[in-house]
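Working notes, structure below.
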Amino acid sequence: MQLATILKGKPVADKISEGLIKEVEELKAKGITPKLAIVRVGASPDDLAYERGALGRSKKVGIDAEVKELPEDISQDDFIKELKAVNDDPSVNGILVFRPFPKQLDEEVIKYVIAPEKDIDCFSPINAAKLVEDDATGFAPCTAVSVVEILKYYEVPLEGSNAVVLGRSMVIGKPAALLLLRENATSTICHSRTKDIAGVSKGGDILVAAIGRAKFATKDFIKEGGAVIDVGINVDEEGNLVGDVDFEEAEKVAGMITPVPGGVGSVTTSILARHVIRACKAQNNL
Ligand code: NAP
């Protein structure tokens with residue numbers, strides 16, 4: 001039996017980073033060093049793991065990075081003051097704010113505070129609107145961009161293909177579907193109320209799974225020979241990191257599939273760095 005080709009994230013991230021290193025060298029020759037600021041409330045293991053990846057990637061491509069760590073019990077007013085200070089810091093070009101927040105912080109208010117031109121992971125409604133309008137000056141969420149970058153790197157045909165996205169969050173599902181639509185795929189979004197979700201998914205030349213349910217997409221969801229991008233990060237009953245797709249079943253049906261870990265997650269920080277550099281160039285009228 002022919003198993004699916006494994007679409008690893010690392011070569012994609014390495015290729016993106018290579019280009020970024022050159023861009024940063026050119027900026028440094030002009031006396032400009034792009035800078036990322038990470039705003040973290042508390043110290044959740046997930047945030048810390050992503051932060052380590054983002055700091056490592058920043059170092060690799062030559063951009064500066066700093067972390068503003070805020071106490072878990074910070075008040076809404078104090079948080080807004082801190083975020084405004086980062087907005088106003090001229091040395092900072094891109095801001096990543098970790099979410100979800102503790103319950104005393106109101107995301108619906110705070111998302112209007114982050115400066116849209118520094119909002120490199122699509123927290124601001126301005127960037128969400130730009131995503132919908134195909135306005136290239138905006139910043140789409142890094143994970144959703146990573147989905148499309150992987151497909152492009154492995155030369156999966158997008159134009160005219162049927163792309164089915166499982167999940168409709170503003171972080172992954174909706175933006176991934178919109179970015180695939182931008183590439184002239186026919187995008188379908190499935191969610192918790194979708195009827196015959198396996199049947200709809202099976203129609204996808206491309207299946208993007210982003211629902212946060214371990215091994216949810218079984219072989220019945222997969223089109224024979226299709227491309228499967230598994231965004232999910234879950235811990236199964238045995239404590240293993242697994243995706244939203246049942247990998248062992250899917251690799252027997254799909255033509256290509258991303259692993260978890262080592263797939264989408266490995267590309268995200270390179271997109272983050274790319275966005276910081278783009279923000280820096282825009283802020284310097286380059
Ligand atoms: P989320 O905000 O919880 O959204 C989950 C979405 O999945 C919702 O739209 C929900 O539908 C849908 N859903 C949930 N259960 C479903 C079911 N049984 N059938 C159909 N649809 C269902 O999650 P998220 O933030 O988008 O994250 C999704 C996954 O990606 C998680 O596993 C997360 O850990 C992972 N993730 C990965 C990366 C990475 O870099 N690889 C980054 C961020 C997140 P409704 O809207 O109808 O409720």
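Order of appearance sets the numbers: ligands from 1, and atoms from 1 within every ligand.
The closest approach between a heavy atom of L166 and any atom of ligand 1 is not below 4.0 Å. For the ligand labelled ligand 1, residue Y50 lies outside the 4.0 Å heavy-atom shell. Remark: distances from the non-hydrogen atoms of G173 to ligand 1 are all 4.0 Å or more.
For R57 and S17, the side-chain atoms include at least one donor-acceptor pair closer than 3.5 Å. Side-chain contact check for S44 and D46: no donor-acceptor pair (N or O, by modelled atom type) lies under 3.5 Å. A donor-acceptor contact under 3.5 angstrom links the side chains of T137 and D135, judged on distance only. Donor-acceptor pairing under 3.5 Å is lacking for the side chains of S169 and K174.
S192 OG, 2.5 Å is the protein heavy atom nearest to atom 47 (O) of ligand 1. Atom 8 (C) of ligand 1 has as its closest protein heavy atom R168 N, 4.0 Å. The protein atom (non-hydrogen) at minimum distance from atom 43 (C) of ligand 1 is I172 CD1, 3.6 Å.
In the vicinity of G265, heavy-atom distances shorter than 4.0 Å reach the ligand 1 atoms 40 (O), 41 (N). Within the listing of ligand 1, atoms 40 (O) sit less than 4.0 angstrom from a heavy atom of T268. Of all atoms in ligand 1, numbered sequentially from 1 with element shown, those under 4.0 Å from a heavy atom of I197 are 20 (C).
The presence of a protein heavy atom under 4.0 Å from atom 3 (O) of ligand 1 is ruled out.
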Report the C-alpha separation of E108 and K111 in whole Å, then their side-chain angles, then the decisive distance to 0.1 Å, and conclude whether the salt bridge (Lys or Arg N to Asp or Glu O under 4.0 Å) test is met. CA-CA 6 Å; E108 293 307 304; K111 69 185 183 185; 2.8 Å; yes
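When the side chains of ILVMFWY residues are joined at heavy-atom separations under 4.5 Å, either directly or via intervening members, I126 and V132 end up in two distinct hydrophobic clusters.
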